[in-house]
Structures are given as structure tokens and as C-alpha cells.
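Excluded from the calculations below are hydrogen atoms, water molecules and symmetry mates; all remaining heavy atoms, backbone and side chain alike, are included.
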Amino acid sequence: MNIKLYLLPVFIFIFGIVSVQGQDLRELRVKPDSTISEQNEGEALSIKNINVPIPKLDLQVNYWKHWTKVGINFNQAAFSENWKLGGLNSYAIGGIIWHKSEFNRNNFNFTTELDLKYGKVKNEGQLAKPNNDRIFWDNKLAYKLTKSWAVYLSLTYETQFDNAYNYGKDTEGNEIITGLKSSFMAPGYFTESFGLEYKPDETFSLRFGTGTARQTLILDNRLKPRNAADYFAEFGEFPDEKDYTKGTGPIFGIEEGKTFKNELAFQLTANLDRNLSKNLNLKSRYNLFADYEDLSDPKHRLDATLTAKVTSLINVQLGGVILYDSALDGAVQWNQMLSMGLLLNLPK
């Protein structure tokens, strides 16, 4: 062998040490020391209860939601004195106040909505006239039956702020007032309704008022329906100079000598308030009122307003009303307005 004999004892010594250490490790793995030391039980730990103060949070659930809109619109046109292409100096100003509050708790819902509008227009050579005039207040209490259906009770009040006149011309061609058409609480309407409401989402609702009563009032003595004798005693003239026996006839559906009328009817009311885009909103209300005594001649009214937001305050509005009420006129009535102005929304 090439291994020197004098190195043989060294290899034997090293191999012995490694064998002993390997044996000791195997014994530790196979036979671990599991002896449990016996010690005297010590004293039990003392635990002291500590009361941590918890601050009271005065939290209350608010079941109300509120929305408010306040706006003013102004339109104006002016022409020089030598303007040859036609036109008329004019201005129009109008304001709106709209508020809605809603209470929701469990299956109960109460909603109140107030809509006030008033505006005037003045054309050169003419008298100033109201061009937008309405007071509308709707209150509804509903109890939800399913996700989309509810039974409801409602009370609605409608009238106007200002006088509306008939106009004519004097001998010099100037515009003058010839008569009164309507005024505050002449007419005034109170409508109570009971029925079912379909409301699939927060933007649309449809009411079926199977039990509806409406009271029409005339509280302005100048517009009270009168027979010929009573009219002459009040104003010193006859309503019809060609027929002295003819009175005023019914006014706003109220008979001569009366200032109040009650109707029982079926009412259908649809409300839509939906954002068509980020800056475009459509709000409309349609109402059908059919007197049970004459279902063939229902009253219809559609109010619609399209609002385009230019900035957070400036807006453009296109609005209009289509109305049919045979007690007012035998034909369909309508109005339309396009305006630009300031509109403040709360909350923003």
C-alpha cells in the first residue's frame, strides 16, 4: 500500500471519534430524555380586574333626507331705435324654489314636495304679465307591501300667486286690463287620494288613486259665479249686455251662487326624476283625474322640465305644460319656456 504505516494510527483515532459522536446522536433521537422534573407547586398568579372606560358615542339614526333647489332666470332683448329688421325690447325674470323631504323607516315612507314658481315678462308697449305662476305642495304617506308596491295616502294643494288678467286696447291703442281670469285661491285645489303605488326605483313612481276626492274653491269675490241679478247688484252691470237674464255661468266648474265644488274620482299620477347623463336631468309629472260621474271627460296635465347643467351654478332649462280641463277651456292648453339662469342645489 502507498499509505505510510506511520499514518495508520491517526486514521484509526479519527474514525473512532466520529463513530462515537454518531452513536450518541442516534441515541438522542431514538431515546429522548422524557423525564418530568418534579417541582413543588408555586403560588397562584394574582389577576386584578381593570375597568377600561369606554366613551359614550351619541349616535342617532337619521331617517330623513332633504333636497332643495333655488334658482333665478333672466332673459332680455334690446334693439336700437333705428333697428329695421324687426324685434321688440323685452325682459323676463323668474324664480323657483323647490324642496323635497323624505322619511323612511322600516316599511313606512313619508314624502313632502313643495314647488314654487313665479315669473314676469315685460314687452315694450305692453303691460307686465305673469309668465310662470304656480304653487304646488304634495304630501304622501306610504306603507310598502313588496319591493315595488305600496299602499298610500296623499294630500295635494295647488293654486297661484298673482292675478291673471284679460287684456285689450283703449282708443289710443294702449294695452289695458279688461277683466280678471284667475287669482290666488281662485281657483284653489285640494286633492286627497288613496290607492296603490308602483315604485320600481328612486327615479319613477306611478300612483293608482282609486279613492280620490278633489275640492275646488273660489275665494276671490271678483270671480265668484253669479246669476244676472247678483252680478248686477255687485258690479252695477250685467255679465252679458245682450242678455240681461244670463249670468256668468259656471266658473272653474263651480255653479252660479257657489264657491265650492267636491268631486269623487279616479286619479293616475306618474312622477319621473331621472338623470339622462351627468349634466342632463329630466323631471316630469303627469296627472289624470277622471270624475266618476263623467269618466268620458277626464282632466289631463303634464309638466316637464329638461335641465342642462353648464357649471355648478349656471343651467339652461326647457320646460312646458300641456293641460286639458273642460272646466277651464274646451281645447288643449299649453305653455313653453326656455331660460338660462342660476340654480343652487342643496345638498351639493
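K122 places a side-chain N or O within donor-acceptor distance of the main-chain N or O of Q126, the cut-off being under 3.5 Å. In this structure a side-chain-to-backbone donor-acceptor pair under 3.5 Å is present from D201 to F204. Under a 3.5 Å cut-off, the side chain of T159 and the backbone N or O of P187 do form a donor-acceptor pair. A donor-acceptor contact shorter than 3.5 Å links the side chain of E256 to the backbone of G249. In this structure a side-chain-to-backbone donor-acceptor pair under 3.5 Å is missing from D220 to S183. Using a distance-only test at 3.5 Å, with no hydrogens or angles considered, no donor-acceptor pair links the side chain of T305 to the main chain of K283.
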Candidate pair T259 and L219, rule side-chain contact (heavy atoms from CB on, under 4.5 Å), full reasoning: CA-CA 7 Å; T259 58; L219 301 186; 5.5 Å; no

CA sep, side-chain torsions, deciding dist, call: E263, K299, salt bridge (Lys or Arg N to Asp or Glu O under 4.0 Å): CA-CA 12 Å; E263 299 171 273; K299 302 174 178 65; 3.3 Å; yes

Derivation of the side-chain hydrogen bond (donor to acceptor under 3.5 Å, both in side chains) call for E234 and N221: CA-CA 10 Å; E234 181 70 24; N221 193 54; 3.3 Å; yes

Steps toward side-chain contact (heavy atoms from CB on, under 4.5 Å) verdict (V121, N75): CA-CA 9 Å; V121 59; N75 298 317; over 6 Å; no

Criterion side-chain contact (heavy atoms from CB on, under 4.5 Å) on L276 and N281, from CA distance to verdict: CA-CA 6 Å; L276 304 181; N281 174 267; over 6 Å; no

Chi angles and distances behind the side-chain contact (heavy atoms from CB on, under 4.5 Å) call for Y167, I177: CA-CA 5 Å; Y167 298 92; I177 295 173; 3.8 Å; yes

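At a threshold of 4.5 Å between non-hydrogen side-chain atoms, the residues Y118 and N132 do not count as touching. Two residues are said to be in side-chain contact when any heavy atoms from C-beta on lie closer than 4.5 Å; L323 and L328 meet this criterion. Put simply, the side chain of I72 reaches to within 4.5 Å of the side chain of I93, judged on heavy atoms. Between D162 and K120, the closest side-chain pair of non-hydrogen atoms falls below 4.5 Å. Here the side chains of T191 and L155 are not in contact, with every heavy-atom distance at 4.5 Å or above. With a 4.5 Å cut-off on side-chain heavy atoms, Q215 and E192 count as touching.
Residues L206 and L145 are members of one and the same hydrophobic cluster, defined by side-chain heavy-atom contacts under 4.5 angstrom among Ile, Leu, Val, Met, Phe, Trp and Tyr. Cluster annotation: L268 is connected to L295 through the hydrophobic network of ILVMFWY side chains, with a link wherever side-chain heavy atoms come within less than 4.5 Å. One hydrophobic cluster, built from ILVMFWY side chains closer than 4.5 Å, cannot hold both I218 and F184; they sit in different ones.
Within the structure, side-chain hydrogen bond (donor to acceptor under 3.5 Å, both in side chains) contacts touching residues 314-327 (residues at least two apart or in different chains) are D297-Y324, D297-S326, T307-Q317. Under the ring-ring contact (aromatic ring centres under 6.0 Å, His included) criterion, the residue pairs touching residues 123-165 are F108-Y143, W149-Y198, Y157-F190, with sequence neighbours excluded. Counting only residues at least two apart or in different chains, ring-ring contact (aromatic ring centres under 6.0 Å, His included) contacts with residues 248-294 are absent. Contacts classified as ring-ring contact (aromatic ring centres under 6.0 Å, His included) and involving residues 220-250 (residues at least two apart or in different chains) are given here: Y231-F235, F232-F238, F238-Y244. Within the structure, ring-ring contact (aromatic ring centres under 6.0 Å, His included) pairs that include any residue of residues 70-89 comprise F79-W83 (at least two apart or interchain).
Annotation: side-chain hydrogen bond (donor to acceptor under 3.5 Å, both in side chains) contacts of T111 (sequence neighbours excluded): N109. With sequence neighbours left out, D115 forms a side-chain hydrogen bond (donor to acceptor under 3.5 Å, both in side chains) with no residue at all. For S101, the side chain to side chain contact (heavy atoms under 4.5 Å, CB included) partners are W64, H66, H99, T112, not counting sequence neighbours. Scored by the salt bridge (charged side-chain N to carboxylate O under 4.0 Å, His left out) test, E158 finds R134 as partners (sequence neighbours excluded).
Closest heavy-atom contact between G125 and E175: O-CB, 4.4 Å. Closest approach of S148 to P200, counting heavy atoms only: OG-CA, 3.9 Å. Nearest heavy-atom pair across L223 and L180 is CD2-O, 3.3 Å. Considering every non-hydrogen atom in both N123 and S90, the closest pair reads OD1-CB, 3.0 Å. In plain terms, the two heavy atoms of A290 and P298 that are nearest each other are CB-CB, 3.9 Å. The heavy-atom pair separating S296 from D294 by the smallest distance is OG-OD1, 2.7 Å.
Cluster note: W67 groups with W98 through ILVMFWY side-chain heavy atoms spaced under 4.5 Å, whether in direct contact or through intervening members. L343 forms part of a hydrophobic cluster together with I96, judged by ILVMFWY side-chain heavy-atom separations under 4.5 Å.
Sparse packing is recorded around NZ of K147, with 12 or fewer heavy atoms of other residues, nucleotides or ligands lying under 6.0 Å away. Heavy atoms of other residues, nucleotides or ligands lying less than 6.0 angstrom from CD of E237 number more than 12. More than 12 heavy-atom neighbours from other residues, nucleotides or ligands sit within 6.0 angstrom of NZ on K129. Other residues, nucleotides and ligands contribute more than 12 heavy atoms inside 6.0 Å of the CG atom of L141.
Atom CG in L116 sits 10.5 Å away from atom CG in D133 (nearest 0.5 Å). Atom CG of D240 and atom NZ of K246 lie 5.0 Å apart (nearest 0.5 Å). To the nearest 0.5 angstrom, D291 atom CG is 7.5 Å from L264 atom CG. Note: N275 CG to K309 NZ = 8.0 Å, rounded to the nearest 0.5 Å. For the atom pair F194 CZ and Q267 CD, the distance stands at 14.0 Å (nearest 0.5 Å).
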If you look only at distance, which donor and acceptor atoms sit under 3.5 Å apart when one is on a side chain in residues 329-341 and the other is two or more places apart or in another chain?
unit_1	atom_1	unit_2	atom_2	d
D329	OD1	A331	N	2.9
N335	OD1	V321	N	3.3
S339	OG	N73	ND2	3.3

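Counted by atom type alone, S182 and Q160 present one or more donor-acceptor pairs between their side chains at under 3.5 Å.
In summary, D138 and R207 engage in a salt bridge, as defined by a charged side-chain N under 4.0 Å from a carboxylate O. A salt bridge is defined here as a Lys NZ or Arg NE, NH1 or NH2 lying under 4.0 Å from an Asp or Glu carboxylate O, and E197 with K140 meets this definition.
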